[in-house]
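Below, each value reflects all heavy atoms present in this structure, side chains not excepted, and no hydrogens, waters or symmetry copies. When a ligand or atom number is given, it counts from 1 through the structure's own listing order.
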Amino acid sequence: MGQQNQGSSILFEPFKIKSVEKLHLSTPKQRRLWIEEAGYNVFSLTSEQVVIDLLTDSGTAAMSDEQWSEMIKADESYAGSRNFLELEKTAREITGMEFILPVHQGRAAEHLLFSTILKEGDIVPSNSHFDTTLANIEDCGAQGINLPTEEGTSPFLKHPFKGNMDVDKLKDLLEQKGERIPAVMMTITNNTGGGQPVSMKNLEAVSSLARQYGKPLIIDACRFAENSYFIKKREEGYKDYTPAEIARKIFSLCDIVTFSGKKDALSNIGGLLCLRDRELVDKLKTKLIVTEGFPTYGGMAGYSLAAMNQGLKEVLDEGYLKYRLRTIEWMVERLEAAQVPVLVPAGGHAIYIEASKFFPHIPRENFPGITLTTELYIRGGIRGCELGTVAFGKRDKDGNHIFPPLDLVRLAVPRRVYTEAHMGYVVECIKEIYSERGRCNGFEFDVEYPIMRHFRSTFKPITA
Ligand code: F0G
């Protein structure tokens, strides 16, 4: 029987469940009270107040029996831990890079690297920087510039590789401001742009431009396995490659890798910085000892190194990746059929809904994304994340809103955690809210924090 074929109505999970965690069920009445107490900010809910938690796919994976058994056997030595050596070997095999530095999570790799190679006034172009990446660049007095393609910024246009970088724009920037650009960056998959993949062709073009201008290429490889499988499925010439072969080819195109083990290492914590340049590694190791820990543990317990190592061995499995990408696609197909304004085609780790199209009667200054996260929570106990006007919008000097291009709400799917029934329940809740959308109202700020507003700001409903 062919599991997971495209278009198949059944989601076939390629695992059996050996250990279970109770879901905390609640009623809409309870949730209405809890979200009011949380100031309508889902970040302030406790996990026990949530039924299905789609806030992030980061650090939320279910680990396998193999990961747990490796964790129990782990070596907790400060220096020379066997688990570091095993992780180093696996990461070298996947990336082809000689130097592997462990860090406690992705942003620690970003901080370590950028605080070493960037200076004030520098520019780092990317297909799209993730928010911590951008914050770490700006922390050095440098500037991050996103160069997505036109398709990549059109939420309802179908294109196989909407995560790509606009190569012409990169060339122009290198021509005009080359002396201020110490490195070029690519994020795979492109989280900010909807979990959309980058093609090998685009990676090759960016890599060759970077080399032509003598700039190192950094890959933010948080979701490298998902991106590799997208290439296998969507790009001509790769259908007979294994995801591991594709990943190896991707990494051959770059010089440095920043990596969060909380995504495609199927782990709850951990990260890596992988490099080829020995001189740079020497500088980084000194700083690593000061900020993260000795270079054979980098802020992680031996058992976390073990979980990451085993997770990296599991994540490139084709059966797993097929199920993983099919899950998002399965949800998108159902939402699209119900005319819900969902970003297409399906990305790798999350569904993204355009909230200002979902609630066209709610002005953007009244945060349609907060209306949607609130409705999802009250109706279904589902926690999603606003990534629109609240998260990415700003104010001008007169206090007027500057709106980001899209008003997205992201529902990120933890790896191997939820079943088809759970995902079907989420789809049904979204469809129900959509069919009653006219009765929903917007919000205004109660307390507004100026930076990273989505984490801590609170809101008040506007009563019609
Ligand atoms: N790069 C990308 C593309 C990410 O998505 C993340 C984290 C990071 C870097 C930072 O990694 O969390 O281990 O420090 N993304 C999470 C998310 C938080 O919800 O998308 P980290």
Side-chain angles (χ1 to χ4, degrees), residues 42-43 47 50 53-61 101-115 124 126-139 144 146 148 152 162-165 183 185-198 218-228 230 250 254 256-274 291-292 298-300 304-305 307-308 311-312 315 328 343 347-352 373 383-388 391-392 408-415 417 452 454-455:
V42 292
F43 280 93
S47 61
V50 175
D53 204 345
L54 306 182
L55 190 65
T56 179
D57 65 320
S58 180
T60 50
L101 303 181
V103 289
H104 80 275
Q105 65 181 90
R107 66 198 70 182
E110 293 163 2
H111 178 71
L112 190 63
L113 178 68
F114 294 142
S115 64
V124 184
S126 170
N127 49 344
S128 289
H129 291 290
F130 181 65
D131 58 12
T132 61
T133 321
L134 186 63
N136 271 303
I137 291 171
E138 289 176 351
D139 198 46
N146 292 344
K162 285 168 79 169
N164 284 352
M165 184 190 269
M185 193 152 187
M186 285 293 264
T187 311
I188 63 168
T189 55
N190 185 337
N191 185 7
T192 310
Q196 298 291 315
V198 179
I218 306 166
I219 292 189
D220 173 342
C222 287
R223 298 176 180 85
F224 77 99
E226 290 167 9
N227 202 102
S228 299
F230 272 121
I250 290 174
C254 74
I256 300 172
V257 173
T258 57
F259 179 64
S260 165
K262 302 175 74 172
K263 285 88 174 167
D264 273 353
L266 300 167
S267 299
N268 304 130
I269 195 73
L272 295 173
L273 181 56
C274 313
T291 57
E292 291 283 289
M300 277 188 278
S304 300
L305 298 166
M308 255 183 88
L312 281 171
V315 78
I328 313 299
L343 194 140
H349 68 289
I351 60 166
Y352 294 70
T373 54
R383 174 153 68 172
C385 180
E386 198 265 9
L387 291 177
F392 296 127
L408 298 177
V409 166
R410 183 185 79 170
L411 301 178
V413 182
R415 293 167 179 78
V417 171
M452 297 247 173
H454 55 308
F455 289 119

Side-chain contact test, heavy atoms from C-beta onward, threshold under 4.5 Å: evaluate it for [X] versus [Y] and give yes or no.
X    : Y    : result
H129 : V124 : yes
S128 : T187 : no
I351 : I328 : yes

Given D264, which partner from the list H349, R415, R223 fulfils the side chain to side chain donor-acceptor pair (under 3.5 Å) test?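 Option passing the side chain to side chain donor-acceptor pair (under 3.5 Å) with D264: R415.
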Between F224 and V315, is the side-chain contact (heavy atoms from CB on, under 4.5 Å) condition met? List the steps. CA-CA 10 Å; F224 77 99; V315 78; 4.1 Å; yes
Look up atom NZ in K262 and atom OG in S58, then write down how far apart they are to the nearest 0.5 Å.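 Spacing of NZ (K262) from OG (S58) equals 4.5 Å.
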What residues come within 4.0 Å of ligand 1, counting heavy atoms only?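 Around ligand 1, where the cutoff is 4.0 Å for heavy atoms, the contacting residues are T56, S58, Q105, G106, R107, E110, F130, T132, T187, N191, D220, C222, R223, S260, K262, K263, R410.
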